[in-house]
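Heavy-atom basis, side chains included; hydrogens, waters and symmetry copies ignored. Just so it is clear, the model here is predicted, and its values are computed rather than measured. Here is the naming used below: chain letters follow the sequence lines, and residue numbers restart at 1 for every chain.
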Amino acid sequence: MKKYNHSIEKKWQKYWAKKKVYQTKDTCKKKSYVLDMFPYPSGEGLHVGHPKGYIATDVYSRMKRMQGYSVLHPMGWDAFGLPAENYAIKNKVHPRKAVDKNVKRFKEQLSMIGLDYDWSREINTTDPAFYKWTQWIFLQLLKKGLAYQSYEPINWCPSCQTGLANEDLEDGKCERCGSVVEKRPMRQWVLKITDYAERLLNDLELLPHWQEHIKESQRNWIGKSEGAEISFTISETQDEIKVFTTRADTLFGVTYLVLAPEHPLIHQFCASQTCTNRKQVEEYVNEAKKKSEIERTAKGKEKTGIKLEGVWVINPATGEKIPMFVADYALAHYGTGAVMGVPAHDERDFTFARKFALPIKSVVAPRKITHCGVLLEVKNKPGTFIFQLRSDEARVLPGKIGFFGGNLESGETLYECATREILEETELSIKKDDMRETFMVPSESPDYALFVTRIQDVDPANIVVHEGKGLIELTVEEALAHEKVSAGAKDVLRRYFSAQAEPNTGEGVLEDSGEFSQLTSAEARTKIAQKYGTLKTTYKLRDWVFSRQRYWGEPIPVIHCEKCALENPSGQGVVPVPEKDLPVKLPEVKKYEPTGTGESPLAAIEKWVNVKCPKCKGKAKRETNTMPQWAGSSWYHLRYMDPKNKKALVDKKKEKHWSPVDLYVGGAEHATRHLIYARFWHKFLYDIKAVASQEPFTRLISVGLIQAEDGRKMSKRFGNVINPDDIIKTYGADTLRVYEMFMGPFTDAIAWNTNAMIGARRFLERVWRVQERVVKKDNPALDAIINKTIKKVSEDIENFKFNTAISQMMVCVNEMSDKEVGQKQWKSFVSILAPFAPHIAEEMWNIAQGKGSVHLAPWPKYDAKKLVEEFVTIVVQVNGKVRTQITMPSESDEMAVRIEAVKIAEKWIEGKDIRRFIYVPNKLANIVI
RNA sequence: GCCGGAGUGGCGUAAUGGUAGCCGCGCGCGACUCAAAAUCGCGUCUCGCAAGAGGUGAGAGUUCGAGUCUCUCCUCCGGCACCA
């Protein structure tokens with residue numbers, strides 16, 4: 001037998017391509033659509049971290065194919081957008097050429113890894129045959145009123161020279177280049193994703209197979225908040241101002257009102273001279289506009305603002321005249337851009353009110369507290385509680401519980417009161433240092449705060465308790481019940497009872513609130529909202545800014561016609577490009593650098609821009625903005641089902657067959673970008689009956705990053721990149737694949753380690769050498785391990801636990817190492833290894849004279865009967881401690897095991913009575929004495 | 001601050017409530033060899049000569065039995081955040 005040499009890999013890759021082993025079949029009852037997030041073909045090529053997800057889907061889809069599923073496992077290129085364009089500009093090549101070159105390089109690299117993609121379904125978002133349908137979807141959105149033009153100030157990246165959506169920001173900076181973004185008013189196309197906010201949120205419940213953290217990210221991003229909109233009236237002009245609040249119950253505590261600097265009413269006050277300090281106000285507004293979002297919302301930033309002199313507003317609940325301010329802590333784009341100030345019950349309002357000396361009016365009491373009680377809990381022996389007892393005995397007895405309390409002295413916090421009471425009542429037999437922890441527990445009694453204190457290292461007999469009034473007996477059960485539901489002690493203390501330097505932001509009982517006094521916050525919230533306004537739900541999710549002032553994107557298929565605008569002003573002169581004229585192709589140009597003027601470079605190409613209006617046939621101009629990078633990826637999963645279709649984005653029948661994607665694998669960083677956009681478009685397509693499913697991706701798993709050996713991110717910048725080509729050349733693709741799947745749990749971020757990778761290579765060499773011992777007849781001694789391995793590997797691949805699948809195969813090979821292996825047993829093993837190491841498996845399959853390709857062979861089934869070993873080792877415990885083991889025939893009955901166990905454990909039982917005997921079949925026997 | 005996830009050898013990690021550390025890396029010893037590499041075998045949580053005892057971030061609880069379940073605390077990672 002020759003030594004294992006990975007040069008066989010090329011041979012088999014050619015064979016698979018020639019025999020079309022991985023070609024997708026559209027017809028089969030069982031289907032499995034396995035999808036990778038397609039890459040941007042960047043100029044840097046792949047590093048070893050990139051293919052991890054692709055290898056995983058490859059392993060998965062190979063198993064599914066062998067299990068008789070028709071498998072769709074395609075690949076394509078997301079090649080529009082800023083990264084590709086910036087790369088092209090930097091390297092002074094046309095983006096088209098750069099993309100073609102990079103795609104070629106990526107494809108080469110992926111092919112070397114031996115991935116089972118059906119390349120006949122390859123797609124590219126920059127292909128006019130593809131983006132025709134991206135444009136078509138835009139037209140449908142436009143038709144339904146879900147695409148509109150807006151002139152609001154948007155995020156502008158000064159370096160990329162384009163407008164950006166909220167999703168393109170990271171900490172207020174451009175996600176691509178890290179520049180601080182500015183706010184710029186400009187015309188832009190916007191998609192009304194907010195119309196889908198509620199469904200995007202609720203339908204997360206239709207996705208039980210998504211990881212919780214991804215769903216949680218989306219929930220946070222959508223940011224639903226239920227509250228009320230309440231109208232305030234300006235006393236001078238009778239204008240109405242609406243505010244949004246989640247705490248309508250605090251309305252009686254509103255002592256001022258704040259407008260965001262961008263609020264339209266400010267202009268009105270200034271123009272109409274209502275406001276007497278308009279110069280200063282305008283100055284403040286201009287200052288605010290100059291600042292970036294980051295500067296304005298910086299952590300710990302001191303609050304700023306300016307009073308609108310001469311303008312007063314009426315609190316609808318109290319009828320009081322209250323002052324108005326402009327302050328940048330009110331955000332223009334959230335709620336109504338106006339905030340009611342409740343300093344007594346909101347942290348931000350509190351600091352603002354302190355700075356501007358505004359009244360702080362408390363209208364919610366946490367609850368009325370006048371007394372303080374203490375439960376004394378002394379830890380004596382484990383599990384035993386000893387408590388202070390009744391007044392007439394005045395000493396500590398085990399198993400009972402006592403209670404004492406006292407009045408709060410003025411200026412004292414409850415915590416201080418509790419401590420003082422303990423010291424006083426125990427006549428100082430407990431010292432302050434003995435008290436390990438004193439914390440508050442929920443109390444049934446409305447006017448008592450109840451505390452538990454833990455006393456340790458003190459002999460209970462030495463505790464003397466003062467005889468006093470107010471001693472109440474509780475049962476042990478009651479006291480323990482209190483402790484079980486206790487909330488985080490110290491926090492509660494601090495928040496509720498320390499000096500009143502903080503606003504009370506919690507809920508409670510209303511006071512000083514007219515007819516609503518004595519109601520709880522929850523009750524009052526609805527009632528007050530209904531009386532003075534309306535219930536209202538707000539979202540943090542913003543509409544999707546959809547235009548980019550850049551060249552390399554899908555042209556937005558719209559024509560602007562002045563004549564049509566005059567005839568029908570509400571249509572703004574927007575004429576959609578007729579569907580038959582799609583695609584609107586991106587013109588080939590020499591100059592494609594961004595202009596920075598807010599105009600796309602396309603605007604300068606007169607030949608392309610000037611067109612006949614499709615409606616009135618007059619002179620008109622094309623829309624010159626292009627779509628953002630996320631457009632193509634919002635629906636590409638559908639195109640793979642039917643990539644060549646010229647009549648529709650996907651054939652209905654094929655869509656119904658393949659939809660939805662059964663397994664989707666990619667980076668977690670897309671949780672609030674691509675994955676929200678794709679869900680939005682898919683739902684829209686569902687609404688217009690273009691697709692049959694409500695959700696595009698049934699199961700979503702995110703890849704854990706592979707970090708560089710130094711633990712940092714793998715990047716050219718740090719010079720720590722490991723290139724897969726080098727690894728494959730030296731060790732082979734199969735080694736790379738096995739190692740990446742073996743590194744650890746798939747979703748964990750783990751550092752690359754070339755040394756550890758060599759272990760994967762050694763494993764494959766060990767497998768290779770098993771061939772020397774293959775014989776005709778199966779070896780019964782290996783039956784159990786082989787069946788166990790088939791079972792575990794099948795289940796582990798299904799659950800994406802590749803590391804333990806490989807571990808099990810290693811155990812199996814170690815077991816085979818000094819034994820003869822039967823032909824059938826060997827073929828089963830080669831079959832389950834095949835998804836991980838397809839080349840070596842194919843070679844060994846071939847040597848073992850397997851039929852056809854191993855990758856089309858049936859997946860082995862395990863024999864449940866053979867899983868059971870003849871003899872089992874049973875652990876013998878005495879009182880839960882492992883003492884020894886016995887070997888018994890498997891499935892022995894309890895009595896037999898008991899007799900053996902008691903005999904062997906005699907030494908530890910020492911003639912004591914056996915109180916209980918616990919037997920876990922084939923595993924463990926515990927003798928309780 | 002709110003929400004989610006995680007803390008286990010020198011390292012990556014493994015354990016339906018049932019022998020903690022499988023598998024791999026590294027390290028040590030041995031076999032083969034003139035020698036080295038490769039390979040194979042044995043060992044490798046801590047204390048102890050051993051019998052044994054202790055040990056999964058800390059503390060408590062439930063249980064015959066807890067890495068796993070409950071509570072409190074600490075640390076790290078991720079999302080959101082002047083969002084009213």
Side-chain angles (χ1 to χ4, degrees), chain A residues 3 211-223 225 227 243-247 250 258 296-301 303 327-331 333-342 346-349 351-352 379 382-383 436-437 439 454 456 480 483-491 505 538-540 668-669 671-672 702 739 742-745 747-760 762-763 765-766 769 801 803-804 806-811 814 817-818 873-885 915-920 923-929:
Chain A
K3 228 183 120 190
Q211 286 162 294
E212 193 51 43
H213 74 274
I214 304 269
K215 289 196 271 187
E216 199 55 32
S217 293
Q218 293 209 349
R219 283 187 202 109
N220 282 339
W221 188 260
I222 293 165
S225 162
V243 302
F244 175 74
T245 178
T246 54
R247 290 297 302 273
T250 62
V258 179
R296 275 174 59 168
T297 61
K299 230 196 226 163
K301 193 200 122 198
K303 294 247 176 316
D328 64 4
Y329 84 89
L331 306 173
H333 54 255
Y334 186 77
T336 60
V339 181
M340 61 185 215
V342 192
D346 180 277
E347 229 154 281
R348 292 150 304 179
D349 298 345
T351 36
F352 189 82
K379 197 74 205 283
R436 288 299 166 87
E437 214 177 14
F439 59 88
R454 292 217 161 105
Q456 282 180 14
L480 291 179
E483 199 196 349
K484 280 214 167 119
V485 290
S486 72
K490 280 167 194 156
D491 266 5
T505 56
T538 337
Y539 303 90
K540 281 193 269 189
E669 70 274 16
T672 55
S702 51
Y739 172 59
F742 181 64
M743 287 174 88
T747 52
D748 282 13
I750 298 168
W752 176 270
N753 182 339
T754 302
N755 251 336
M757 186 205 64
I758 291 171
R762 286 208 276 254
F763 164 63
E765 285 171 0
R766 262 204 313 280
R769 284 195 301 269
K801 288 162 79 175
N803 54 330
T804 49
I806 291 170
S807 168
Q808 180 62 38
M809 287 192 284
M810 287 172 168
V811 170
N814 291 348
S817 70
D818 55 349
T873 305
I874 295 170
V875 171
V876 178
Q877 296 183 339
V878 177
N879 280 354
K881 281 204 167 174
V882 178
R883 289 305 178 188
T884 182
Q885 329 181 318
R915 290 213 320 234
R916 263 179 90 182
F917 182 78
I918 289 146
Y919 178 55
V920 182
K923 273 204 172 144
L924 175 140
N926 187 11
I927 302 161
V928 185
I929 54 172

**Fill in**
Exactly one candidate in Val342(A), Thr505(A), Thr250(A) meets side-chain contact (heavy atoms from CB on, under 4.5 Å) with Asp349(A); the answer is Val342(A)
**Prompt:** Quick one: is the NZ or CZ of Lys303(A) closer than 6.0 Å to the six-membered ring centre of Phe352(A), and within 45° of its axis?
**Reply:** no
**Message:** How long is the straight-line distance from CZ of Arg247(A) back to CE of Met340(A), given to the nearest 0.5 Å?
**Reply:** 9.0 Å
**Request:** Name the nucleic acid region contacted by Val811(A), choosing base, sugar-phosphate or nothing; use a 4.0 angstrom heavy-atom cut-off, strictly under.
**Result:** sugar-phosphate
**Request:** Could you give the distance separating C69(B) and G48(B) at their C1' atoms, to the nearest angstrom?
**Result:** 35 Å
**Request:** Let me know, please, whether Arg247(A) or Met810(A) comes out on the 5' side of the other along RNA chain B by nearest nucleotide.
**Result:** Met810(A)
**Message:** Can you check the distance between A38(B) and G5(B), where both ends of the measurement are the P atom (answer in whole Å)?
**Reply:** 45 Å
**Item:** P gap between G67(B) and U62(B), integer Å
**Value:** 16 Å
**Item:** Side-chain donor or acceptor of Tyr739(A) paired with backbone N/O of Thr754(A) under 3.5 Å
**Value:** no
**Prompt:** Taking CZ from Arg219(A) and C1' from A81(B), how many angstroms apart are they, rounded to a whole number?
**Reply:** 18 Å
**Asked** Reckon Asn814(A) has a side-chain N or O less than 4.0 Å from the OP1 or OP2 of G24(B)?
**Response** yes
**Prompt:** Can we say Arg219(A) and Glu216(A) salt-bridge, meaning some charged N sits less than 4.0 Å from an Asp/Glu carboxylate O?
**Reply:** yes
**Request:** Only counting residues at least two apart or in another chain, list the ones meeting ring-ring contact (aromatic ring centres under 6.0 Å, His included) with Phe742(A).
**Result:** none
**Request:** Classify the nucleic acid contact of Gly335(A) as base, sugar-phosphate or nothing, counting any heavy atom under 4.0 Å across all strands shown.
**Result:** nothing
**Message:** Any base atoms under 4.0 Å from Ser217(A), or only sugar-phosphate, or nothing? Heavy atoms, all strands.
**Reply:** sugar-phosphate
**Prompt:** Given the P atoms of U68(B) and A15(B), what is the spacing between them in whole Å?
**Reply:** 15 Å
**Prompt:** Between the side chain of Ser217(A) and the main-chain N/O of His213(A), is any donor-acceptor distance below 3.5 Å?
**Reply:** yes
**Asked** So what does Arg769(A) hit on the nucleic acid, given a heavy-atom distance under 4.0 Å: a base, only sugar-phosphate, or nothing?
**Response** sugar-phosphate
**Message:** Rounding to an integer number of Å, can you tell me how far Lys881(A) NZ sits from U63(B) P?
**Reply:** 18 Å
**Request:** Rounded to whole angstrom, note down the P distance from G78(B) over to C29(B).
**Result:** 42 Å
**Item:** Main-chain N/O of Ile929(A) paired with Asn879(A) side-chain donor or acceptor, under 3.5 Å
**Value:** yes
**Prompt:** With sugar-phosphate meaning primed atoms plus P, OP1 and OP2, does Val875(A) contact a base, only sugar-phosphate, or nothing at under 4.0 Å between heavy atoms?
**Reply:** base
**Request:** For Glu347(A), report the nucleic acid contact type (base, sugar-phosphate, nothing); a contact means any heavy atom under 4.0 Å.
**Result:** nothing
**Asked** Looking only at side-chain N and O atoms, does Lys540(A) come under 4.0 Å of OP1 or OP2 in C2(B)?
**Response** no
**Prompt:** Is any side-chain nitrogen or oxygen of Arg766(A) closer than 4.0 Å to OP1 or OP2 of G24(B)?
**Reply:** yes
**Message:** Mind checking if Gln808(A) touches a base, just sugar-phosphate, or nothing, with heavy atoms under 4.0 Å?
**Reply:** nothing
**Item:** Whole angstrom value for the distance that separates C1' of C83(B) from CD1 of Ile222(A)
**Value:** 15 Å
**Request:** Drop me the distance from Arg916(A)'s CZ to Asn926(A)'s CG, to the nearest 0.5 angstrom.
**Result:** 9.0 Å
**Message:** Categorize Val920(A) for me: base, sugar-phosphate, or nothing, with a 4.0 angstrom heavy-atom threshold over every strand shown.
**Reply:** base
**Fill in**
Here RNA chain B, pairs taken as Watson-Crick or G-U under 3.5 Å and shown with ( ), [ ] when crossing and | when to another strand, reads (((((((..(((.....[....)))((((((.......))))))(((....)))..(((((..]....))))))))))))....
**Request:** Rounded to whole angstrom, note down the P distance from G28(B) over to U33(B).
**Result:** 23 Å
**Request:** Please state whether the phosphate of C64(B), meaning OP1 or OP2, lies under 4.0 angstrom from any side-chain nitrogen or oxygen of Arg916(A).
**Result:** yes
**Prompt:** Any side-chain N or O of Ser817(A) under 4.0 Å from OP1/OP2 of C40(B)?
**Reply:** no
**Asked** Over how many whole Å does the gap from Ile806(A) atom CD1 to C25(B) atom C1' extend?
**Response** 15 Å
**Message:** I need the Ile927(A) CD1 to Gln877(A) CD distance, nearest 0.5 Å.
**Reply:** 9.5 Å
**Asked** Which whole-number value in Å describes the distance from Glu765(A) CD to G24(B) P?
**Response** 14 Å
**Message:** Please confirm whether the shortest side-chain N or O distance from Arg762(A) to OP1 or OP2 of G26(B) is below 4.0 Å.
**Reply:** yes
**Closest-nucleotide 5' rank along RNA chain B - winner of Ala749(A) and Tyr329(A)** = Ala749(A)
**Message:** Just confirming the chi classification of G61(B), syn or anti, using 90° around 0 as the syn window.
**Reply:** anti
**Request:** Using the P atoms only, state how far G4(B) lies from G9(B), rounded to an integer number of Å.
**Result:** 27 Å
**Item:** Nucleotide C77(B), atom P - distance to CD1 of Ile750(A) in whole Å
**Value:** 17 Å
**Message:** At less than 4.0 Å, is any side-chain N or O atom of Arg348(A) found next to OP1 or OP2 of C83(B)? Yes or no.
**Reply:** yes
**Request:** Please state whether the base of C80(B) and the side chain of Asn220(A) form at least one donor-acceptor pair under 3.5 Å?
**Result:** no
**Request:** Check the distance between C82(B)'s C1' and Lys303(A)'s NZ and give it to me in whole angstrom.
**Result:** 5 Å
**Sugar-phosphate only, base, or nothing, as touched by Ile918(A) at under 4.0 Å among non-hydrogen atoms** = base
**Same-atom distance (P) from A36(B) to G30(B), integer angstrom** = 11 Å
**Item:** Touch class at under 4.0 angstrom, heavy-atom based, for Ala668(A) against every strand present
**Value:** nothing
**Phosphate contact (A53(B) OP1 or OP2) by Arg883(A) side-chain N/O below 4.0 Å** = yes
**Message:** Base, sugar-phosphate or nothing for Lys215(A)? Non-hydrogen atoms, less than 4.0 Å.
**Reply:** nothing
**Prompt:** Should Asn803(A) be listed as having a side-chain N or O under 4.0 Å from OP1 or OP2 of A14(B)?
**Reply:** yes
